[in-house]
Amino acid sequence: LHAIAHYGSDEAVRRLTPELNGAGISEMLGDIGTDAALMELGNIKLHCASLSRPPKYSEGHEEAIRSIALSRGVSVDELEEEYVPLVGGTVDGSEGGLDDTGALTLDLGPMPNEGKVRVTFDTQLLPLLHDEQGERLKTLPRGKKSDPALLKAAKLTLKQLEQDATTIGLQRIQSLRRALVQQREWPKARFEQIFVRHPLMRYITRALIWQAVDGPAFRVTEDGTFADVDEAELTLPEDAQVRLCHPLSLSEAERSAWV
């Protein structure tokens, strides 16, 4: 485990962690400290939350997460908001993964109209497939001109993408529930950075109702602008603080209008 901690890559983390069951795994992941290691720690945290008797491999997972947060100079909450590891690297597109529109393009070869498949997500972070004309696809197309190697790689990428997005979605929804109860606030600029413009979080963000502190409730539209309950475009002041809209902060009429 110590050797893996010092020399293991993100690919080693993905492949080996599910096969390991003994003590010391969380410590190893904390020492590696990459986004992939952090995601595996998140998996452990989620799994243990549903168990009355946590397994040995979970020992120290909270400390490992705190250690990674400390090494990056952020709080645990900020760490959870910042990281979203996804297939091929970071979600900002600098090392593969999602582009800045929140989509991933899979190349299947020189097939007419179907050579490239665009992957987006619904509000539950389930992948949605689209052909080059934007039409929805149920599965990856498999034409006579598809490249077998590219098709195989696309299937593996899509499988890993779905697994990662599911894990991330569960983690972020738990975090957002805590934020709702605690009524956490974000400055407008940070809210836009980690929610509105984030390649993956934007999908969850659009499904929620937000509220400016001492201001109106609003939702985030598909183009990243804000709309009030009447669908009128809303502009927030630059110094606004934003939080999740708690139902108790609205009148009965307002709650009905948002349903």
Side-chain angles (χ1 to χ4, degrees), residues 35 38-39 41-42 45-46 49 62 65-86 90-94 97-103 120-125 164-165 167-251 254-255 257-258:
D35 283 349
L38 187 59
M39 186 171 174
L41 285 167
K45 182 178 179 180
L46 281 173
E62 295 281 6
I65 293 172
R66 284 195 291 269
S67 175
I68 294 175
L70 182 63
S71 70
R72 299 188 184 190
V74 297
S75 69
V76 171
D77 278 337
E78 289 172 326
L79 182 66
E80 291 180 344
E81 291 168 355
E82 289 291 349
Y83 100 95
V84 181
L86 216 50
T90 58
V91 294
D92 61 9
S94 62
L98 303 184
D99 61 26
D100 58 7
T101 69
T120 60
F121 298 86
D122 64 13
T123 56
Q124 302 296 314
L125 296 190
D164 286 353
T167 298
I168 292 165
L170 290 171
Q171 293 169 354
R172 297 308 301 132
I173 288 171
Q174 281 193 351
S175 179
L176 288 168
R177 284 173 177 164
R178 291 195 300 271
L180 176 63
V181 171
Q182 298 166 358
Q183 284 292 273
R184 277 191 65 200
E185 299 174 4
W186 296 271
K188 176 176 176 284
R190 181 164 175 77
F191 168 70
E192 292 178 335
Q193 174 194 354
I194 63 177
F195 292 115
V196 179
R197 294 194 300 269
H198 194 286
L200 192 60
M201 283 304 298
R202 64 178 61 194
Y203 295 104
I204 294 178
T205 300
R206 294 172 192 162
L208 302 172
I209 306 300
W210 303 85
Q211 187 174 38
V213 176
D214 298 324
F218 64 92
R219 72 177 186 89
V220 179
T221 67
E222 288 194 2
D223 63 5
T225 57
F226 308 143
D228 64 17
V229 69
D230 297 317
E231 289 300 300
E233 185 171 348
L234 180 69
T235 301
L236 298 180
E238 291 304 312
D239 62 351
Q241 292 286 117
V242 178
R243 64 191 176 196
L244 280 164
C245 182
H246 197 289
L248 295 180
S249 70
L250 302 175
S251 67
E254 289 172 324
R255 288 196 294 271
W258 276 111

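Q241 is listed as a side-chain neighbour of P187, based on a closest heavy-atom distance under 4.5 Å. You'll find the side chain of L180 reaches within 4.5 Å of the side chain of H246, heavy atoms only. Side-chain contact between F226 and V220 is present, with heavy atoms from C-beta onward closer than 4.5 Å. At a threshold of 4.5 Å between non-hydrogen side-chain atoms, the residues L236 and F218 count as touching. Contact of the L250 side chain with the W258 side chain is registered, since non-hydrogen atoms from C-beta on lie closer than 4.5 Å. Here the side chains of R178 and D77 are in contact, with some heavy-atom distance below 4.5 Å.
Here the CG atom belonging to D214 is positioned 9.0 Å from the CD atom belonging to Q211, to the nearest 0.5 angstrom. The CZ atom of R190 sits 8.0 Å away from atom CZ of F195, with the distance rounded to the nearest 0.5 Å. Going from atom CG of L234 over to atom CZ of R219 covers 11.5 Å, rounded to the nearest 0.5 Å. Residue I204 holds its CD1 atom at 5.0 Å from CD1 of I173, rounded to the nearest 0.5 Å.
Below 30°, between 30° and 60°, or above 60°: for W186 and W210 the angle between ring planes is above 60°, a perpendicular geometry.
Scanning all heavy atoms of the two residues, the minimum distance from D228 to D230 falls at OD1-N, 2.9 Å. Taking both residues in full, the closest heavy atoms of R66 and V76 are given as CG-CG2, 3.7 Å, listed atom of the first, atom of the second, then distance. The shortest heavy-atom contact between G169 and L125 is CA-CD1, 3.6 Å. Of all non-hydrogen atoms in T101 and D99, the two that sit nearest each other are OG1-OD1, 2.6 Å. Contact record, A217 with C245: CB-SG, 4.0 Å, taken as the closest heavy-atom pair.
Note on E222 versus R206: no salt bridge recorded, every NZ/NE/NH1/NH2 to OD/OE distance being 4.0 Å or above.
Side-chain atoms of S71 come within 3.5 Å of backbone atoms of I68 as a donor-acceptor pair (strictly under, hydrogens ignored).
Partners of Q183 according to the side chain to side chain donor-acceptor pair (under 3.5 Å) rule, which considers only residues two or more places apart in sequence or in another chain, are R243. In this structure T120 satisfies the side chain to side chain donor-acceptor pair (under 3.5 Å) test together with H130, sequence neighbours excluded.
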**Report entry** L176 vs M201, side chain to side chain contact (heavy atoms under 4.5 Å, CB included): CA-CA, chis, key distance, verdict
**Finding:** CA-CA 11 Å; L176 288 168; M201 283 304 298; 4.2 Å; yes

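Of the N and O atoms on the side chains of T205 and R202, not one donor lies less than 3.5 Å from an acceptor on the other residue.
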